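Each remark here refers to the structure printed beneath this line.
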Amino acid sequence: MSFREFREDVKRSVELAIREAGLPLIDFEPSEPPRPEFGELSVNVAFTIANKLGLNPLEVAKAIGNELKVPKGSLISSFEVCRPGYINFKVRYPDLNYRSLSESILKEDYGSLNIGRGKRVCVEHTSVNPNKALHVGHIRNVILGDSIHRILKFTEHDVQVLNYIDDSGLQIADIVVGFKYVGFPLEPPKGEKFDHYCGDEVYVKMNELYKIQPELIMKQKEVLKEIDEGRLDIAKFAQEITRKVVREQLETCWRVGAYYDCLNFESHIIETGLWEKLFNQMRDKGMIQLETEGKLVRCWVIKMEGEEDEKVIKRSDGTLTYIAKDIPYAAWKTGLVEDPFQYNVFVKQPNGSELWSTVSGKGRDLHPDFGNADLAITVIDVRQSRLQKIISYILSLLKGEKIEKKYVHLGYEVVSLSRRTADELGIMIEEKDFIHMSGRKGIYINADDVLDALHKKAYEETKKRNPKESEDWLHNTAEKVAVSALRFDLIKQDLDKIIVFDLRESLNLEGETGPYIQYAHARASSIIRKADIEPEITADNASTLDHPTELNLVKLISKFDLYVEEATKNLSPKTLARYAYSLATSFNAFYEKNPVLQEKDEKKRMARITLVQAFKNVVRITFDLLGMETPERI
RNA sequence: GGGCCCGUGGCCUAGCAUGGAUCAGGGCGUCAGCCUGCGGAGCUGAAGAUCAUGGGUUCAAGUCCCAUCGGGCCCGCCA
């Protein structure tokens with residue numbers, strides 16, 4: 001928080017000086033200068049003012065500088081008017097050291113903000129069709145959604161995490177046909193997870209079979225209709241299968257540290273009459289029409305303003321399309337309709353929390369409130385952008401006002417496989433550097449397999465460094481390292497960049513990676529363990545921190561809440577991932593140059609110990625916000 | 001055909017919503033170094049960039065606007 005105070009000190013005193021100098025007050029933000037000699041903050045408002053008045057920027061900066069007074073008790077140590085027209089400020093380090101370290105040294109909630117107080121948010125993520133296992137691409141979705149939920153919670157939003165389970169689509173019919181009519185055994189081969197088996201074996205093979213035996217497509221349609229209508233036998237069987245797959249998928253999600261509050265089964269949207277209600281509303285408002293001629297005859301369609309084609313929401317055979325069911329769901333999320341669902345606990349999660357789900361028939365009387373959020377965030381890849389826009393458009397029509405601020409599509413680019421990894425998996429790929437994943441075509445790498453490979457590598461590395469530790473401890477630690485490697489790898493870059501996943505490259509645990517940061521944390525932990533003393537920062541010993549690497553680390557720590565704010569406002573976990581990395585780099589630079597335990601000067605030693613402790617605490621909190629762990633030793 | 005996104009050293013990437021300071025940050029890879037001090041998953045250094053191209057706006061453009069080229073995606077009675 002202390003760097004924020006410094007920034008406010010700078011801003012306020014400059015504003016005052018501008019007024020004193022009789023210049024027009026223009027809104028500005030102090031920013032960080034490119035070089036350390038220029039201080040810690042810089043103001044370029046002189047350029048804007050000069051431009052407006054047709055004056056020389058340097059003259060304007062000087063005029064402001066002449067009126068500038070450093071307020072007593074502020075964190076400003078000095079300022080200087082520089083060449084083309086900047087006003088540069090230096091921070092009073094001894095004070096920043098003291099304030100920053102005493103705030104950050106132990107507090108669990110250091111850096112938390114209350115910007116979300118009273119705001120109810122639901123985050124929908126994962127939402128993988130329950131006919132297959134999660135591949136790495138899905139993990140990008142899971143960790144994005146999970147990290148955002150953690151960050152929003154940290155900033156005091158009232159967050160609920162939803163996972164939408166499409167248990168009534170064609171892809172479910174595919175595996176049901178496989179089990180019921182093609183004769184795939186219900187039991188997976190020994191040692192294979194059921195979700196892997198359904199996806200890798202049944203689903204992929206069914207899609208090949210349709211080409212050879214077109215009569216199966218008739219079966220597929222039949223089954224779909226039965227599932228939709230909820231007719232006893234097949235529908236019940238489909239339910240059993242999808243729930244079984246969901247349980248297995250959740251294992252993978254939990255493995256990477258993602259937890260949920262509620263599963264929304266698509267079938268319940270029909271069952272509760274929620275779809276019917278929305279359908280009637282849309283029809284009465286004239287938003288949808290029944291086509292009476294043309295190729296879409298007997299379909300109910302919606303036409304978007306400025307769009308050529310209409311979108312089918314109810315097929316001529318009476319079944320519903322995917323988007324149809326998303327409309328009531330979105331309406332429920334944003335509180336446009338009363339909650340029609342019944343709930344029960346689906347499973348107790350490894351973190352101790354209860355995961356609820358919508359249920360058929362009667363659920364529990366007492367349950368948490370779901371839906372009805374001030375802000376609904378849907379995490380889904382960019383290929384869904386158009387559809388999400390349509391949904392948002394429909395919601396706006398239903399509500400009678402713009403809803404863009406309430407219904408947010410958080411889109412991200414897909415994860416593809418590198419040519420090398422595709423080759424190694426035996427996937428044919430021609431002329432391209434990468435290949436997009438496809439569940440149906442069997443082009444993907446399962447998340448569990450990636451995690452297993454990472455685990456194996458991390459295990460070897462950890463064992464080298466901790467040869468005497470138990471197998472249990474080693475595997476436990478290796479898993480934490482593996483998860484941070486994968487999560488960090490998938491969260492560190494911008495959402496609009498395609499990630500070309502290369503298994504061999506991902507196994508490199510050096511450089512800009514999660515394990516690099518965990519390693520720095522483990523080094524810090526080792527120092528604290530050996531110091532075996534209660535860290536204590538005082539105004540006196542804080543002033544002994546004066547090496548550039550010490551000050552740099554203090555400065556970064558003092559800016560934590562500014563990064564939290566940015567990450568929250570932009571829904572951008574990447575910001576915090578980069579922050580964590582810069583903390584670690586900065587710590588390693590400090591570590592290289594400054595002995596802690598060997599330091600002779602007692603005050604200095606204590607100050608450094610508190611710096612190490614503060615670093616440790618802030619990395620831990622940051623990693624926590626990104627769903628990664630920081631073991632004491634790795 | 002209509003729409004969206006990307007294009008920064010051999011490869012990957014930050015910076016772009018709020019345009020500013022004659023080193024455009026990192027990482028991987030390559031090469032050369034660093035431990036009788038707290039963990040070498042580390043640190044230091046070197047080589048390597050017409051910020052895709054061409055215009056425009058501006059005192060100032062990697063950042064804003066337009067066009068072009070290259071790559072990806074979306075536009076289904078699939079989800």
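In the text below, chain A, chain B and the rest are named by the order of the sequence lines, each starting its count at 1. Computed from a predicted structure; not experimentally measured.
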For atom CZ of Arg35(A) and atom C1' of G20(B), their distance in whole Å: 15 Å
Watson-Crick or G-U wobble partner of C43(B), both distances under 3.5 Å: G33(B)
Short side-chain N/O contact from His436(A) to OP1 or OP2 of C73(B), under 4.0 Å: yes
Lys497(A) side chain near A14(B) phosphate (N/O to OP1/OP2, under 4.0 Å): yes
Most 5' of Lys389(A) and Tyr581(A) on RNA chain B, judged by nearest nucleotide: Lys389(A)
OP1 or OP2 of G15(B) under 4.0 Å from side-chain N/O of Lys574(A): yes
C1' gap between U68(B) and C28(B), integer Å: 33 Å
Atom C1', compared across C43(B) and C51(B): separation rounded to whole Å: 29 Å
Charged N-O contact under 4.0 Å between Glu566(A) and Lys574(A): no
Within 6.0 Å of CD in Glu37(A), more than 12 heavy atoms from elsewhere: yes
Phosphate OP1/OP2 of G71(B): any Lys432(A) side-chain N/O under 4.0 Å: no
Tyr86(A) over G20(B), stacked by centroid distance under 5.5 Å, angle under 30°: no
Validation row: Phe501(A), Met437(A) side chains within 4.5 angstrom (heavy atoms): no
Separation of the P atoms in A21(B) and C64(B), to the nearest angstrom: 16 Å
N/O (side chain, Arg386(A)) to phosphate O (OP1/OP2, G2(B)) under 4.0 Å: no
Below 4.0 Å: OP1/OP2 of C78(B) and any side-chain N or O of Arg315(A): yes
Electrostatic pair Lys616(A)-Glu632(A), nearest N-O below 4.0 angstrom: yes
Value in whole Å for how far the C1' atom of C74(B) lies from CD1 of Ile390(A): 10 Å
Under 3.5 Å donor-acceptor pair, Arg440(A) side-chain atoms to C78(B) base atoms: yes
Sugar-phosphate only, base, or nothing, as touched by Tyr516(A) at under 4.0 Å among non-hydrogen atoms: sugar-phosphate
Phosphate OP1/OP2 of C78(B) contacted by Tyr210(A) side-chain N/O (<4.0 Å): no
Atom C1', compared across C11(B) and A47(B): separation rounded to whole Å: 16 Å
Partner of Tyr86(A) by ring pair (Phe, Tyr, Trp, His ring centres under 6.0 Å), out of Phe47(A), Phe79(A), Phe28(A): Phe47(A)
Candidate nucleotides C77(B), C59(B), G42(B), ranked by approach to the side chain of Asn51(A) - the nearest: C59(B)
